[in-house]
Amino acid sequence: MDLKETIEGLKEKIRGEMEKISSHKIFLETKMKFLGRGGEVQSLFKGLKDVPKEEKPAAGKLINDFGAWAEKIFDEREEKIKKEELEKRLNSEKVDVTMPGKEFGLGSYHPDTLIKRELVDVFSGMGFEIFEGPEIETDYYNFTALNTPKDHPARDMQDTFYLTDTLLLRTQTSAGQIRVMEKHGPPIKILSPGKVYRSDQDATHSPMFSQMEGLVVDEGITMCDLKGMLDEFAKKIFGEKVETRLRPSYFPFTEPSVEVDVSCFSCGGKGCRLCKGTGWIEVLGAGMVNRKVLSGCGIDPDKYTGFAFGMGVERIAMLKYGITNMKNLFDGDVRFLSQFKGQGGTV
Ligand code: PHE
């Protein structure tokens with residue numbers, strides 16, 4: 001067949017194929033078919049060997065021109081298909097910025113965390129250092145060294161989870177007092193927050209809860225120091241108008257021991273549901289460190305005196321936020337927790 005005709009036929013074929021190209025992938029396949037290795041143009045060049053010598057230059061030129069023509073056609077088509085594909089993608093990825101956004105439920109700080117932070121803040125402002133003792137304690141640190149030897153009736157005040165005969169889950173952060181006194185001599189001024197465990201459960205008790213213990217030991221520490229510090233604490237946590245009062249109580253490791261009440265911050269002392277009509281709310285236990293405990297830790301009780309106090313963190317949270325069931329503090333129910341949204345800064 002005449003080379004010119006063959007080329008015309010191929011041109012026709014290429015134009016036809018151009019119509020059918022619907023993606024860049026198909027474009028590349030089509031281009032390979034004509035311009036690639038072993039493609040139509042190359043086989044035309046191969047056919048040159050059968051062309052008589054004198055016709056070769058003209059034939060070669062025809063094929064070259066055809067190749068250049070095809071190259072141009074394909075280049076143009078490629079540009080077009082790329083544009084079409086980009087447009088398709090942009091269309092499919094179109095974002096309607098006027099659509100309402102999806103709301104991501106932002107968390108909130110747990111009321112326990114809020115109160116803990118507030119307490120730590122108040123006490124570190126008074127110069128207390130933080131000390132954290134272990135949650136698994138020995139019977140010795142949790143009881144014996146706190147003047148509560150075996151068979152002491154005060155052991156019944158706390159229902160203890162024993163792990164072995166000598167190991168237990170600490171029932172009070174007071175255990176940390178002994179560790180600090182044994183290790184560091186006076187002056188001591190520490191705050192010991194942490195989880196404690198007791199086999200007890202009802203609306204105001206949970207088998208695991210948090211306490212915050214304070215201990216100050218130095219020369220000349222008196223009950224006035226304790227009272228003054230408690231006044232300051234109560235005003236900072238419950239409000240400037242709140243007063244404190246001390247009632248005699250008993251703890252084996254303090255002598256004298258007191259129960260500390262604050263005037264009701266809800267009714268101002270007139271009597272309401274929160275204070276059960278009494279005008280006062282019990283918030284913590286405290287006292288002067290028992291001489292026996294001091295000397296047991298190698299501290300001379302004739303030279304040094306000290307006070308200690310311990311409070312239930314959840315109890316403070318319940319009072320402050322008006323929570324009536326302690327279960328709410330441990331359930332992790334987001335409907336409950338969302339009430340504290342925004343408090344204590346960004347989570
Ligand atoms: N450890 C006591 C309790 O858990 C509280 C307390 C601490 C009392 C320090 C006095 C001094 O009940």
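Numbering of ligands and ligand atoms starts at 1, following listing order. Residue indices begin at 1 and follow the sequence shown. Keep in mind it's a predicted model, so treat the numbers as computed, not measured.
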What are the atoms of ligand 1, with element, lying closer than 4.0 Å to any heavy atom of Ala308? 9 (C), 11 (C)

Taking atom types as modelled, find out whether His24 and Glu78 have a side-chain donor-acceptor pair closer than 3.5 angstrom. yes

Within ligand 1, which atoms have a heavy atom of Ala286 less than 4.0 Å away? 8 (C), 10 (C), 11 (C)

Distance under 4.0 Å to a non-hydrogen atom of Phe309: what atoms of ligand 1 satisfy this? 7 (C), 9 (C), 11 (C)

Using the ring centroid of each side chain, check whether Phe123 and Phe309 are separated by less than 6.0 Å. yes

Hey, are Thr171 and Asn142 close enough side-chain-wise for a donor-acceptor pair under 3.5 Å? yes

Measure from atom 4 (O) of ligand 1 to every heavy atom in Gln177, Arg198, Met311 and give the option owning the shortest one. Arg198

What part of Met212, side chain from CB on, backbone N/CA/C/O, both or neither, has a heavy atom under 4.0 Å from ligand 1? neither

For Ser192 and Glu213, what are the C-alpha separation, side-chain angles and deciding distance, and is it a side-chain hydrogen bond (donor to acceptor under 3.5 Å, both in side chains)? CA-CA 5 Å; Ser192 190; Glu213 182 99 1; over 6 Å; no

At a 4.0 Å threshold, what atoms of ligand 1 neighbour a non-hydrogen atom of Ser174? 1 (N), 7 (C)

N/O to N/O below 3.5 Å, does that happen between Gln211 and ligand 1? yes

Start with the C-alpha gap between Thr144 and Arg155, add the side-chain angles, then the distance that decides, and say whether side chain to side chain contact (heavy atoms under 4.5 Å, CB included) holds. CA-CA 10 Å; Thr144 310; Arg155 285 209 181 195; 3.4 Å; yes

Any heavy atom of Phe253 closer to ligand 1 than 4.0 angstrom? yes

Polar side chain donor-acceptor pair, Tyr197 to Glu135, under 3.5 angstrom: yes

Counting from 1, what ligand 1 atoms have a heavy atom of Gln172 closer than 4.0 Å? 1 (N), 2 (C), 3 (C), 4 (O)

Phe307/Met229 under side chain to side chain contact (heavy atoms under 4.5 Å, CB included): CA gap, chis, key distance, verdict: CA-CA 11 Å; Phe307 67 72; Met229 188 224 65; 3.9 Å; yes

Using a 4.0 Å cut-off to any heavy atom of Gly310, which atoms of ligand 1 qualify? 6 (C), 7 (C), 9 (C)

